[in-house]
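Proteins come first, then strands; the chains are lettered A, B, ... in the order of their sequence lines, and each starts at number 1.
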Protein chains: 2
Amino acid sequence: MAVSARRGLPLTSEEIYAAALRLIDTAGVDALSMRKLAADLDVNPMSLYHHVESKTGLLRGVCRLVDSRLQLPPDDGSPWQDQLRALAHAYRSIAQSHPSLWLHVNSHPGVIDQKGELWTVYNRILVAAGVPFDELAHTRKALVAFVIGLISSETIGFLQALGEEEGETDADATFEVAVDLIIASLEARHSRT
Amino acid sequence: MAVSARRGLPLTSEEIYAAALRLIDTAGVDALSMRKLAADLDVNPMSLYHHVESKTGLLRGVCRLVDSRLQLPPDDGSPWQDQLRALAHAYRSIAQSHPSLWLHVNSHPGVIDQKGELWTVYNRILVAAGVPFDELAHTRKALVAFVIGLISSETIGFLQALGEEEGETDADATFEVAVDLIIASLEARHSRT
DNA sequence: ACCTGAACACCGTTCAAGT
DNA sequence: ACCTGAACACCGTTCAAGT
């Protein structure tokens, strides 16, 4: 009762992040404002600042939330091709769930603090693919760039298509072909055959 | 004299686009505002609206300006590998000149109206590379995604490194390796050898 | 500890009025 | 035709005050 005039429970940052993510998915990152978010939570705009440092901090929190949902392929003994495919699809599924946030993150350096664990997984897969140690960094960078480019292009196309008539996007097929292409090129360069 | 209290000459949209581009390159797209742009041009904020429809229209104009500077490889008889490399580098050089604008465009569908001519050039190169007609669309999409992903990753890294100590970026080498990888993979799939 | 209202320094844009 | 000031509906954020 002593908590708020408009709500029964105190705010939590988790609650704030979740609401922000919902608004972002609905109307896009650019349409998110502290004041709209507060209205959505039925709360005074200034209350947010007790749980979130700033709008930038809010966005970082939302990204962490989404990041934590990324399903990294486990280190079982399965072929590196399968693991790479799984990773690409996990990434893609996150982008499809939150297209606007995805594009925002991938064009705003610094919103994501560090992808340490992700790098580790990529490296593990590349080692399994036979990439020599001194080419690991180059190859990982290129690989990550390819995957991100693929997904970004698809996401842009998806958002663009919302306002047009365009028939089937055929995106699944394009994505599969592209991932196969990446895998094939890794096989060609480093396999012992 | 009857033109403006603060300037001798009437505004032109070209002048506006050029000034906006300068501000964007200096402080980033997010920091651009109609009011700052007007101040930079020594002009009343509202005067801009006689030459530019809106802030979105302004951004589109700036993109057209930058787009017109893209050096598309000519249709001489040179090997498709060289042409692809040239195209990738032309693209890259634009991103390096205007990193913030580049990232903005590649995450905001609709700022660029159509890249008709660019598509044509890509298709020409892919045909020369032996890509069969019915795989043209898929392959072009993947190729464009790869190149854009490569350049975007590099650009993000570049902007990120501005605030850190990080030594040499080694970006040139990574880029070269990645473009070689793309070319090799096209050669492997479609050459007649 | 958590919330809140008023206030400040910004935005993009409309509109009626000026030359 | 081109410019302009005032005004409107928004922003993010600070701060002093409330419980």
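In this structure, CG of B:D30 is placed 14 Å from C1' of D:dG12, rounded to the nearest angstrom. Summarising the geometry, the separation between CG on B:L11 and C1' on D:dT4 is reported as 13 Å, rounded to the nearest angstrom. Regarding A:D42, its CG atom lies at a distance of 14 Å from the C1' atom of C:dT4, rounded to whole Å. Across the protein-nucleic acid pair, A:L48 atom CG and D:dT14 atom C1' stand 15 Å apart, rounded to whole Å. Between the CG atom of B:N44 and the P atom of C:dG12 there is a distance of 13 Å, rounded to whole Å. The distance between atom CG of B:L41 and atom C1' of D:dC2, rounded to the nearest whole Å, is 15 Å.
A:I112 CD1 to A:D67 CG: the interatomic distance, rounded to the nearest 0.5 Å, is 4.0 Å.
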Using a 3.5 Å cut-off and no angle test, enumerate the donor-acceptor pairs between side-chain atoms of residues 117-132 of chain A and protein atoms at least two apart in sequence or in another chain.
{"unit_1": "A:T120", "atom_1": "OG1", "unit_2": "A:G116", "atom_2": "O", "d": "2.9"}
{"unit_1": "A:N123", "atom_1": "OD1", "unit_2": "A:R140", "atom_2": "NE", "d": "3.0"}
{"unit_1": "A:R124", "atom_1": "NH1", "unit_2": "A:P74", "atom_2": "O", "d": "3.4"}
{"unit_1": "A:R124", "atom_1": "NH1", "unit_2": "A:Q83", "atom_2": "OE1", "d": "2.4"}
{"unit_1": "A:R124", "atom_1": "NH2", "unit_2": "A:P73", "atom_2": "O", "d": "3.3"}

For residues 142-161 of chain B, dump all side-chain donor-acceptor pairs below 3.5 Å to protein atoms at least two apart in sequence or in another chain.
{"unit_1": "B:S152", "atom_1": "OG", "unit_2": "B:W102", "atom_2": "NE1", "d": "3.2"}
{"unit_1": "B:S152", "atom_1": "OG", "unit_2": "B:I148", "atom_2": "O", "d": "3.0"}
{"unit_1": "B:S153", "atom_1": "OG", "unit_2": "B:G149", "atom_2": "O", "d": "2.9"}
{"unit_1": "B:E154", "atom_1": "OE1", "unit_2": "B:R92", "atom_2": "NE", "d": "3.2"}
{"unit_1": "B:E154", "atom_1": "OE1", "unit_2": "B:R92", "atom_2": "NH2", "d": "3.3"}
{"unit_1": "B:E154", "atom_1": "OE2", "unit_2": "B:R92", "atom_2": "NE", "d": "2.8"}
{"unit_1": "B:E154", "atom_1": "OE2", "unit_2": "B:R92", "atom_2": "NH2", "d": "3.1"}
{"unit_1": "B:E154", "atom_1": "OE2", "unit_2": "B:Q96", "atom_2": "NE2", "d": "3.3"}
{"unit_1": "B:T155", "atom_1": "OG1", "unit_2": "B:I151", "atom_2": "O", "d": "2.7"}

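Residues passing the ring pair (Phe, Tyr, Trp, His ring centres under 6.0 Å) test with A:H98, sequence neighbours excluded: none. A:D82 pairs by the salt bridge (Lys or Arg N to Asp or Glu O under 4.0 Å) definition with nothing, not counting sequence neighbours.
Between the side chain of A:S100 and the backbone N or O of A:V29, at least one donor-acceptor pair lies under 3.5 Å.
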Between protein and nucleotides 7-11 of chain C, what N or O pairs are separated by less than 3.5 Å?
{"unit_1": "C:dC11", "atom_1": "OP1", "unit_2": "B:S33", "atom_2": "OG", "d": "3.4"}

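Side-chain atoms of B:H50 stay outside donor-acceptor range of the base of D:dC2, with no qualifying N/O pair under 3.5 Å.
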Only Watson-Crick and G-U wobble pairs with both distances less than 3.5 Å should count. Give DNA chain C in dot-bracket notation, marking inter-strand partners with |.
||.|||||...|||||.||

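Side-chain contact of B:H104 with B:D30: a donor-acceptor pair under 3.5 Å is absent, judged by distance alone. Side chain to side chain, B:S107 and A:S107 meet the donor-acceptor criterion of an N or O pair below 3.5 Å.
Using a 4.0 Å cut-off, no side-chain N or O of A:H51 falls inside it from OP1 or OP2 of C:dA1. Taking 4.0 angstrom as the limit, B:S47 places none of its side-chain polar atoms (N or O) nearer than this to OP1 or OP2 of D:dC2.
Counting heavy atoms of neighbouring residues, nucleotides and ligands inside a 6.0 Å radius, atom CD of B:E176 exceeds 12 of them.
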